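See structure below.
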Amino acid sequence: MNKKIKVAVVGAGHWGKNLVRCLNELKVLKTVCDNDKKVLRDYAKNVPGIHVTCDFNSVVKDAEIDAVVISTPAVTHFRLAKEALAAGKHVFVEKPLSLFVKDAKTLMSLSEKKGVILMVGHILHYHPAVLKLKQMLDRGALGKVSYVYSHRLNIGRFRQEENVLWSFAPHDISCILMLLGKYPKEVGAFGLKCLQKGIYDTTLTTLGFSRNIKAHIFVSWLHPCKEQKLIVVGDKGMAVFDDLSVHKLTFYSRMISWQKEIPFACKGRKKIIPFKMEEPLKMECRHFIDCIARGATPHTDGREGVDVLQVLNAAEHSLRLNGKIIKSL
């Protein structure tokens, strides 16, 4: 770790406080910027040596700051990231990269022009269980994959600036694209607006890939309990990633047998997959700092962020067309 790198976190609220903690533990945090003066007073009191400010312009003008981490409402991502990149700062943006594909492409082009790193906060790329699952898929442990499905469910937090698709689904879209190593050929989505006019509380998104691989992503903030699962189905076995379980990755041997061309379900062996667990957010932050130090391209760079955003936009388009399949993304 290059301790000379100095980072500012912009937005230290619900999720930003976790980024502040991780970057401070990595000894690269210089500044916390937030609109809430009480939040800033608490950081000034409890984090020795930290600089606090409510002035974003002072952050981008600070020559000592090498990188800016943005964890503010999604509607502000484009403007803040653009200003930071234009000032020659490396930028990490929490998901989604922006609300519009054209804006995301602008950020990607600007980072290339300035020769600085643009990284998106798609945290599942840095989760040890997901990385292990990717290894299993790459070596053929599940055989030919036919189906992937994920559930990200909870009660609240209800948002007004974005619907549940934009709030919950980016992580799962990003993860599925990474696991399959493919980009969908078609996207469809439908949902419900139960609580607030014009804001979807529940959505089900379907993705169609080449080789007849299908995926669905069910997200809701109207669920009685929290659930975060992703399941991959192959012809040699099935894998379950359950982020809320003690045993986060489980493999089930093939559970379908055939008799005279008729499929029968049969009990398969269950195996808990071991791996070394580390905090995904800490690994993500470390990767960002390491990419700055080495001049490397992040796993979740601007291009990956644009890919996810294009799928999100197609899903949003399908929602507004009552589930019509969107092709040729």
Side-chain angles (χ1 to χ4, degrees), residues 1-12 15-34 43 47 49-53 56-72 76-98 104-128 131 170 174 178 278-309:
M1 187 67 65
N2 187 342
K3 294 183 180 180
K4 292 181 180 179
I5 293 172
K6 295 182 180 180
V7 179
V9 174
V10 181
W15 184 250
K17 67 179 184 293
N18 299 313
L19 288 159
V20 169
R21 172 183 56 79
C22 287
L23 291 163
N24 189 51
E25 290 173 359
L26 293 171
K27 302 186 186 304
V28 295
L29 183 65
K30 179 182 187 289
T31 299
V32 174
C33 178
D34 197 277
Y43 277 118
V47 184
I50 203 72
H51 174 64
V52 300
T53 181
F56 177 71
N57 287 330
S58 70
V59 172
V60 296
K61 291 178 181 179
D62 189 340
E64 291 187 356
I65 292 175
D66 303 291
V68 175
V69 172
I70 298 170
S71 183
T72 55
T76 68
H77 286 182
F78 173 66
R79 176 180 62 83
L80 297 177
K82 184 179 179 182
E83 290 184 29
L85 290 169
K89 310 296 186 186
H90 303 285
V91 173
F92 173 105
V93 186
E94 269 302 338
K95 59 80 184 171
L97 177 55
S98 71
K105 289 181 177 179
T106 295
L107 295 179
M108 186 174 65
S109 297
L110 184 56
S111 70
E112 293 170 353
K113 178 181 177 181
K114 290 289 185 176
V116 292
I117 287 169
L118 175 63
M119 177 169 160
V120 188
H122 291 150
I123 195 171
L124 291 181
H125 281 249
Y126 308 94
H127 196 301
L131 295 175
S174 175
M178 181 266 284
E278 296 183 57
E279 183 184 0
L281 185 60
K282 179 75 73 67
M283 294 181 68
E284 185 177 45
C285 289
R286 185 182 291 115
H287 179 69
F288 178 52
I289 301 305
D290 185 53
C291 285
I292 294 172
R294 296 188 297 110
T297 300
H299 300 314
T300 52
D301 63 354
R303 176 71 264 171
E304 195 271 342
V306 168
D307 286 346
V308 171
L309 200 57

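Owing to the predicted nature of the structure, the values given are computational and were not obtained by experimental measurement. What's counted below: heavy atoms across the whole structure, side chains too, no hydrogens, waters or symmetry copies.
- We find the CG-CZ distance between Leu19 and Phe92 to be 5.5 Å, quoted to the nearest 0.5 Å.
- Evaluation of the side chain to side chain contact (heavy atoms under 4.5 Å, CB included) rule for Ala86 yields Leu110 as partners, not counting sequence neighbours.
- Met283 CE to Cys22 SG: the interatomic distance, rounded to the nearest 0.5 Å, is 12.0 Å.
- In terms of heavy atoms, Ala87 sits closest to Val60 at CB-O, 3.6 Å.
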Test side chain to side chain contact (heavy atoms under 4.5 Å, CB included) on Glu278 and Arg286 and set out the steps.
CA-CA 12 Å; Glu278 296 183 57; Arg286 185 182 291 115; 3.9 Å; yes

Please table the atom pairs, donor to acceptor, closer than 3.5 Å between any side-chain atom in residues 120-127 and protein atoms at least two apart or in another chain.
| from | atom 1 | to | atom 2 | distance (Å) |
| --- | --- | --- | --- | --- |
| His122 | ND1 | Ser174 | OG | 3.3 |
| His122 | ND1 | Glu304 | OE1 | 2.7 |
| His122 | ND1 | Glu304 | OE2 | 3.3 |
| His125 | NE2 | Ser174 | O | 3.4 |
| His125 | NE2 | Ser174 | OG | 2.7 |
| His125 | NE2 | Glu304 | OE2 | 3.3 |
| Tyr126 | OH | Thr300 | N | 3.3 |
| Tyr126 | OH | Thr300 | OG1 | 2.7 |
| His127 | ND1 | Ala129 | N | 3.1 |
| His127 | NE2 | Asp243 | OD1 | 2.8 |

Passes side chain to side chain contact (heavy atoms under 4.5 Å, CB included), Leu97 versus Phe78? Steps please.
CA-CA 7 Å; Leu97 177 55; Phe78 173 66; over 6 Å; no

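- Residues satisfying the side chain to side chain contact (heavy atoms under 4.5 Å, CB included) criterion with Ser58, sequence neighbours excluded, are Thr53, Asp55.
- Taken from CD1 in Ile292 to NZ in Lys4, the straight-line distance is 15.5 Å, to the nearest 0.5 Å.
- Counting all heavy atoms, side chain and backbone alike, Val9 lies closest to Gly16 at CG1-O, 4.3 Å.
- Between Val52 and Ile50 there is a side-chain heavy-atom pair separated by less than 4.5 Å.
- Residues meeting the salt bridge (charged side-chain N to carboxylate O under 4.0 Å, His left out) test with Lys30, sequence neighbours left out: Asp62, Glu64.
- Under the side chain to side chain donor-acceptor pair (under 3.5 Å) criterion, Glu25 pairs with Lys282, not counting sequence neighbours.
- With sequence neighbours excluded, the residues satisfying side chain to side chain contact (heavy atoms under 4.5 Å, CB included) with Thr76 are Thr72, Pro73, Leu80.
- Proximity of His287 to Met119: side-chain heavy atoms (C-beta onward) are separated by under 4.5 Å at one or more points.
- The shortest distance between side-chain heavy atoms of Val7 and Val68 does not fall below 4.5 Å.
- Here Ala8 pairs with Thr31, Val59, Ile65 under the side chain to side chain contact (heavy atoms under 4.5 Å, CB included) rule; sequence neighbours left out.
- Every salt bridge (charged side-chain N to carboxylate O under 4.0 Å, His left out) that Asp307 has, sequence neighbours left out, goes to Arg303.
- Ala84 and Val91 make their closest contact through CB-CG2, 3.6 Å (heavy atoms, listed as atom of the first residue, atom of the second, distance).
- Distance check, rounded to the nearest 0.5 Å: CG of Asp66 to CD1 of Ile289 gives 8.5 Å.
- Taking 4.5 Å as the limit, every side-chain heavy atom of Tyr43 sits out of range of all side-chain heavy atoms of Asp34.
- Annotation: side chain of Ser111 is not in contact with side chain of Ile117 (no heavy-atom distance under 4.5 Å).
- The stretch residues 80-98 participates, sequence neighbours left out, in these salt bridge (Lys or Arg N to Asp or Glu O under 4.0 Å) pairs: Arg79-Glu83.
- Between Cys291 and His299 there is no side-chain heavy-atom pair separated by less than 4.5 Å.
- Residues satisfying the salt bridge (charged side-chain N to carboxylate O under 4.0 Å, His left out) criterion with Glu279, sequence neighbours excluded, are Arg21.
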